[in-house]
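Comments concern the structure below.
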Amino acid sequence: MTHVSDNPAAARFAFDNTYARELEGFYVTCKAAQAARPRLVRLNRELAEELGLDAGALDSEEGARIFAGNETPEGAVPLAQAYAGHQFGGFSPQLGDGRALLLGEVIDRNGHRRDIQLKGSGPTPFSRAGDGRAALGPVLREYLIGEAMHALGIPTTRALAAVLTGEPVFREGALPGAVLTRVAASHIRVGTFQLFAARGEQAKVRRLADYVIDRHYRELKGHANPYLGLLERVCDGQAALIASWMHVGFIHGVMNTDNMAISGETIDYGPCAFMDHYDPATVFSSIDIQGRYAYANQPRIAQWNLARLAETLLPLIDADGNRAIARATEVVNAFPEQYERHWLKGMRAKLGLVNEEETDLNLATGFLTAMAGKKVDYTLAFRYLADAALSQEEAIRALFADPSAYDLWSGHWRARLAREAVAPLVRAQAMRRANPAFIPRNHRVEETLSAAVEGGDYAPFATLLNILSRPFDDQPEFATFAEPSLEGQGRYQTF
Ligand code: AMP
Ligand code: MG
């Protein structure tokens, strides 16, 4: 590919910044801080190509300067987005990007508009007491987990680059500072709607809703009630998203309304982690004292967040307040059923089922019940089920200290499989595409981050990233990466 430039090494972005152009008042333009010594730690070449960027040109000192915020690429309009949000149930009327800057939007090779954002690039008017910076550990964590989610087929923001700033950030002690470049369908959140709704500025909420429909839900243009349609679409997207989290044992950790993207992508990887042994009450985040965002609460919390979105749209849905409430409530109340539909669809695939039968819900929950309270590894249990479908049950039975609960359940499962005319090998193959062998195991993530942060050694990060990019392949040379920590998940905490 050639690019038109005086400087042959120039990294060019074909920015087209609709957010900056169309949503004045929803952001503050702002400059990134100058990093002392930007150094590229990782460039996501595959994603760069997908975005129509020149990966070769970006894999350079110039690329490091751009991804640190030191150099503003032509056409970028760096801005901090304004939003509000419910955090752990309490409303904050003014949040906003306190340490992130949207550089702009590009159209990717598939014709999709994508945001390019720097996270950790210095203070903004929304930083309040924060320093606007990010530490290397959390930057690499977001990189790793976001890319793992993408490889698992789950809608997510992605990591384009990680750079070191060459300056320390101060948390409990001094840590290496870093900037993550994040790519998203958009960074519009439930909290973006809440910002102006809370101030009673309905015209602004309408402008945002129209923008979102134009950007994400074009099919709603000309819809009888596009704003009700918008609510329906966002609810359905979240129902599908949360179901996919539940399928792989992902726990977001901070499902505040400002961390829920209107596009249906997973966003803002903070204290998130994957569950090892199946336990619906699993919480890893040190700040989630009450377990509000525990594994099994996620669908309920998503619905609660969507009710907050619905509130912001009421005046747009119907001029008659009571009618607006009735219509929006109906949509939000349908969430559990929608969620269950998505969840069951994915569970059928995980259990190797092709047809739909009434009792499938019981069969799926029955497997979870068989695992509950027995420290059975969730990911391995489903992965080994593919072997069990070929009558090789040693591995799965060995996950249970007392396999009788499994044996009882598998009798029902086998009877159910027998009612489908699918060749066993074909079924087992399909099951391996639905049940990953590799998830970001907590102890592996920690090992990788410590090697980078404490030892300046990025080889483990590269290895883990590579393994997690093919989660459904056996990769026998990395078999130990499929295993949970010997210490179990009991003491694991995220920050
Ligand atoms: P989060 O918990 O990461 O979703 O962030 C919640 C809010 O705090 C957002 O408005 C962030 O921009 C802001 N924030 C988080 N970390 C920092 C920081 N180091 N400096 C300034 N603002 C921050
Ligand atoms: Mg956030």
Side-chain angles (χ1 to χ4, degrees), residues 242-251 273-284 291 294-300 339-340 342-420 422 424 427-428 430-439 441-443 479 482-492:
I242 309 300
S244 67
W245 290 0
M246 301 302 278
H247 290 144
V248 297
F250 174 77
I251 301 162
F274 284 69
M275 174 172 72
D276 287 324
H277 71 252
Y278 176 71
D279 176 359
T282 306
V283 175
F284 292 117
Y295 174 71
N297 279 354
Q298 296 185 119
R300 231 172 306 150
Y339 165 76
E340 191 182 275
H342 288 290
W343 185 78
L344 192 53
K345 182 165 183 262
M347 287 309 270
R348 281 199 179 96
K350 289 174 82 68
L351 296 175
L353 306 177
V354 178
N355 304 333
E356 295 181 13
E357 287 191 15
E358 285 268 341
T359 53
D360 292 345
L361 183 64
N362 279 335
L363 190 68
T365 52
F367 188 47
L368 300 180
T369 306
M371 272 190 247
K374 302 192 186 69
K375 306 233 159 163
V376 175
D377 188 81
Y378 178 82
T379 304
L380 291 180
F382 277 100
R383 184 72 179 181
Y384 294 165
L385 216 45
D387 304 310
L390 297 170
S391 299
Q392 294 155 12
E393 291 198 284
E394 256 168 66
I396 192 163
R397 293 184 84 243
L399 291 176
F400 291 78
D402 168 10
S404 60
Y406 166 76
D407 291 338
L408 189 63
W409 174 82
S410 76
H412 297 291
W413 178 54
R414 284 181 191 294
R416 173 69 180 81
L417 292 182
R419 293 197 290 276
E420 299 204 341
V422 178
R427 172 184 290 143
M431 289 175 74
R432 290 196 182 100
R433 304 315 298 172
N435 295 305
F438 298 96
I439 55 163
R441 292 285 182 180
N442 299 320
H443 64 299
E483 301 285 336
S485 153
L486 290 173
E487 296 190 3
Q489 71 190 7
R491 271 175 295 154
Y492 187 66

Do you know which two heavy atoms are closest between Pro484 and Arg441, and how far apart they sit?
CB-NH1, 3.6 Å
Minimum heavy-atom separation for Ala243 and His342, please, with both atom names.
CB-CB, 3.8 Å
Which heavy atom of Val283 sits nearest to which heavy atom of Ala294, and what is that distance?
CG2-CB, 3.5 Å
Consider ring-ring contact (aromatic ring centres under 6.0 Å, His included). Of Phe382, Tyr384, Trp413, which one does Phe367 pass it with?
Phe382
SB check Asp377 Arg383 (cutoff 4.0 Å):
no
Considering residues, nucleotides and ligands other than Lys375, do more than 12 of their heavy atoms fall under 6.0 Å from its NZ?
no
State whether Asp360 and Arg416 are salt-bridged, where the test is any N-O pair (Lys NZ or Arg NE/NH1/NH2 against Asp/Glu carboxylate O) under 4.0 Å.
yes
Do side-chain atoms of Asn435 reach the backbone of Lys350 as a donor and acceptor pair under 3.5 angstrom?
yes
Once you measure the plane-to-plane angle for Tyr295 and Tyr278, does it fall in the parallel (<30°), tilted (30-60°) or perpendicular (>60°) bin?
perpendicular
Is there a donor-acceptor pair under 3.5 Å between the side chain of Glu420 and the backbone N or O of Asn355?
yes
Quick one: salt bridge (Lys or Arg N to Asp or Glu O under 4.0 Å) partners of Glu483, sequence neighbours excluded?
none
Should Asp387 and Arg432 be marked as a side-chain contact (heavy atoms from CB on, under 4.5 Å) after you check the CA-CA gap, both sets of side-chain angles, and the distance that decides it?
CA-CA 9 Å; Asp387 304 310; Arg432 290 196 182 100; 2.8 Å; yes
Determine whether Trp409 and Leu363 satisfy the following criterion, side-chain contact (heavy atoms from CB on, under 4.5 Å), listing intermediate values before the conclusion.
CA-CA 8 Å; Trp409 174 82; Leu363 190 68; 3.7 Å; yes
On a heavy-atom basis, which atom in Glu393 and which in Ser410 lie closest, and how many Å separate them?
OE2-OG, 3.8 Å
Calculate, to the nearest 0.5 Å, the distance between atoms CG and CZ belonging to Asp407 and Arg397 respectively.
4.0 Å
Smallest separation among heavy atoms of Ile396 and Ala381, with atom names:
CD1-O, 3.4 Å
Rounding to 0.5 Å, atoms CG (Leu399) and CD (Glu394) come to a distance of 12.0 Å
Listed partners of Asp279 passing side-chain hydrogen bond (donor to acceptor under 3.5 Å, both in side chains), at least two apart:
none
State which residues pass salt bridge (Lys or Arg N to Asp or Glu O under 4.0 Å) with Glu340; sequence neighbours excluded, sorted by chain then number.
none
Minimum side-chain heavy-atom gap Asn442-Asp276 below 4.5 Å
yes
Gln489 side chain to Met275 main-chain N or O, any donor-acceptor pair under 3.5 Å?
no
Looking at every heavy atom in both Thr365 and Trp343, which two are closest together, and how far apart are they?
CG2-CH2, 4.1 Å
Check Phe274, Phe250, Tyr492 against Phe284 for a ring-ring contact (aromatic ring centres under 6.0 Å, His included) and give me the one that passes.
Tyr492
Parallel, tilted or perpendicular: ring planes of Phe400 versus Tyr406, cut at 30 and 60 degrees
tilted
